[in-house]
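To keep things clear, I will list the structure first and then write my remarks on it.
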Number of protein chains: 2
Amino acid sequence: MDPHLLRTFVTVARRGSFSAAAEELGYTQSAVSQQVATLEADLGLALLRRRPVEPTRAGARLLEHAEPLLLRLRAARADVLRAEAAPSSRLTIAVSPLAVTPDLAVRLAGPPRLDLTIRATSRDEVAAVVASGEADLGLVDGVAAPSDPLRLPDVGPLTTLGVAERDLAVALPEGHPLAGRAGLRLADLVDALWLQTPLCPVERLRDIAGDGFRIGLTYTGDDLHTVLRLVAAGHGLTLLPADSPAPAGVPLVDPRVVHRVELLHGTLTGHAQRLAERLRQ
Amino acid sequence: MDPHLLRTFVTVARRGSFSAAAEELGYTQSAVSQQVATLEADLGLALLRRRPVEPTRAGARLLEHAEPLLLRLRAARADVLRAEAAPSSRLTIAVSPLAVTPDLAVRLAGPPRLDLTIRATSRDEVAAVVASGEADLGLVDGVAAPSDPLRLPDVGPLTTLGVAERDLAVALPEGHPLAGRAGLRLADLVDALWLQTPLCPVERLRDIAGDGFRIGLTYTGDDLHTVLRLVAAGHGLTLLPADSPAPAGVPLVDPRVVHRVELLHGTLTGHAQRLAERLRQ
DNA sequence: CAACGTTACGCTTGGCGTAATCATA
DNA sequence: TATGATTACGCCAAGCGTAACGTTG
């Protein structure tokens, strides 16, 4: 299970081609073939079907492990190197798009005021950025059952701490049959069409409220306004923090799901520690 | 950052000796020296001081990454191999010592009754056992702030779900000045002597309630009765679930800390999925 | 038959062991 | 000075590229 082989395997699987992977990695087609064969021989089972190239069951399973593993390896390397570099007094905090609630914004401001850089990244990247030491702290948001942790990509030895939970509202297009309601239950919306977004993945809804929740459209970006446009245009519903400017937002009264913000950090020192304490109240 | 080199580095650091590590790993002293040198050259910094052999700052940092990384690598391999083996109908669930609350025990029993193996392991191992596929599900318990996730060793792509939170009591020796109280606050106990146990690590208390909490004795096992004996003998206090048979247990009324149980699992199928649904209510 | 993956084969080099050398408690 | 890490050096094999060979859409 040499990471070198793992990387090649992942690339082949992603590109769906030995030759394309070889080009991407700077190997010959032959070398890639040999590397995959070595990995398969090592595990004693087939990882890829050829022509067309697609993962077997075992291959798919290995892929789920390999990608985060390689990410962790890179993060570990980056973290060790960075730790040895300048111990800057400037503090960097990585935040996902909706993680900075009004309350957290106030707490970030101080007093005392800190020399702070806020780095906005996608939800998936916050953990990686913190693990690699590029940011001292991270704030990630997501949709979860109350008091359940978010499902973060598992990228290194990070400490996670819930710092905020707030209610959600269902974003509905104007004129939607349910738009007038005072409150909605998730159970009432299983048959509706939903947006698949990074903030509110449909699998999470199914985890929480059972099957249903057809996907109307998948949106992979991180821009709230675009999501609102998509909802308004009727592509599907989604959940947003209750204080967002949602079009015809109706509070979700069934309290089995919340917008949750978590603070991530590695080993804390100095300023970072003080800020972390302030953020967790 | 070849895992082979990483493993050697970890072994040298743990054993505090190149020669001891060489013997343990089946290499010559020379090979180990070369491997460590290669790793240091690759990262461009010293990882170990020699004579005595101890990690540098960077080395200590790398160790924190390397150990779980290697664990994950093994877990990934084991998981892929196991997935391809017999899809047994027998269900295995790994549990840490106090994870099976009375309520969860009832839910485990059914109906319907399942062909179930319960495997007791230490708190640290549950995640690894589930990640490697040796168990289909895991139940881990620990002490946490309410609605905060437990800090689990980060060993693979696992799903975590809180399934129970219950109050804690402070275990006090008979005749302790505070033993008669109706309820205690953590803040009242910062100056007391505490046991350091896997269930209730003193760092967790400090995270939650600030500094203090001197360590009277460290206990690394998983046996509740031994812990109770240690408390009774005055080695220090500890927190236990309120329904435990604690000596002179006084409920913790300050509700900033609970005994939490989490359900862990990888990809679920069949029986395992049904059991998981039953456990999360 | 064309595109693509596999196999054969030679060569380079990474990495091990042996043994000599260096450093420190 | 003895213990233990490093360096020198030779050897083997892992693993790459070139090129010939299958195989399948």
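Quick note: numbers below take in every heavy atom, side chains included, and nothing from hydrogens, waters or symmetry partners. Protein chains get the first letters and strands the later ones, always in sequence-line order, with residue 1 at the start of each.
- Taking the side-chain contact (heavy atoms from CB on, under 4.5 Å) definition, one finds that B:Arg57 meets it with nothing, sequence neighbours left out.
- Computed from coordinates, the A:Asp42 CG to D:dA14 C1' distance equals 14 Å when rounded to whole Å.
- When only modelled atom types and interatomic distance are considered, B:Ser30 and B:Thr28 share no side-chain donor-acceptor pair under 3.5 Å.
- The nearest whole Å value for the distance from the NE2 atom in B:His4 to the P atom in C:dG14 is 16 Å.
- Between the CG atom of B:Leu48 and the P atom of D:dG4 there is a distance of 16 Å, given to the nearest Å.
- Considering only heavy atoms from C-beta on, A:Val36 stays 4.5 Å or farther from A:Leu47 through its side chain.
- Among the protein residues, B:Gln29 comes within range of the nucleic acid bases, having at least one heavy atom under 4.0 Å from a base atom.
- Residues that satisfy the ring pair (Phe, Tyr, Trp, His ring centres under 6.0 Å) test with B:Phe213, not counting sequence neighbours, are B:Trp194.
- Among residue pairs with one or both ends in residues 124-134 of chain B, those qualifying as salt bridge (Lys or Arg N to Asp or Glu O under 4.0 Å) are B:Arg119-B:Glu134; sequence neighbours excluded.
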Show me the protein contacts with nucleotides 7-11 of chain C, counting only N or O atoms at under 3.5 Å.
{"unit_1": "C:dT7", "atom_1": "O4", "unit_2": "A:Ser30", "atom_2": "OG", "d": "3.1"}

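- When all heavy atoms of A:Val143 and A:Cys200 are compared, the pair lying nearest together is CG2-CB, 4.2 Å.
- Taking atom CG of residue B:Leu39 and atom C1' of nucleotide C:dG14, one finds them 16 Å apart after rounding to whole Å.
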Using nucleotides 21-25 of chain D, report all nitrogen or oxygen pairs with the protein that are shorter than 3.5 Å.
{"unit_1": "D:dT23", "atom_1": "O2", "unit_2": "A:Arg51", "atom_2": "NH1", "d": "2.9"}
{"unit_1": "D:dT24", "atom_1": "O2", "unit_2": "A:Arg51", "atom_2": "NH2", "d": "3.3"}
{"unit_1": "D:dG25", "atom_1": "OP1", "unit_2": "A:Arg51", "atom_2": "O", "d": "3.0"}

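- When heavy atoms are screened at a 4.0 angstrom cut-off, B:Val32 is found touching no nucleic acid atom at all.
- Residue A:Glu23 places its CD atom among 12 or fewer non-hydrogen atoms of other residues, nucleotides or ligands, all under 6.0 Å distant.
- As rounded to whole Å, 12 Å separates atom P of C:dG5 from atom CZ of A:Arg15.
- For the pair A:Arg77 and B:Asp42, the salt-bridge criterion is met [side-chain N within less than 4.0 Å of a carboxylate O].
- A donor-acceptor pair is defined here as one N or O able to donate and one able to accept, closer than 3.5 Å; such a pair exists between the side chain of B:Thr56 and the backbone of B:Ala46.
- Side-chain polar atoms of A:Asp79 and A:Ser132 form no donor-acceptor pair below 3.5 angstrom.
- Taking each heavy atom of B:Ser96 and B:Val140 in turn, the nearest pair found is OG-CA, 3.3 Å.
- Looking at residues 16-25 of chain A, you'll see A:Ser17, A:Phe18, A:Ser19 sit with a heavy atom under 4.0 Å from some atom of DNA chain C.
- Rounded to whole angstrom, the span from the OH atom of A:Tyr27 across to the P atom of D:dT18 amounts to 14 Å.
- Distance, A:Leu5 CG to D:dG15 C1': 10 Å, rounded to whole Å.
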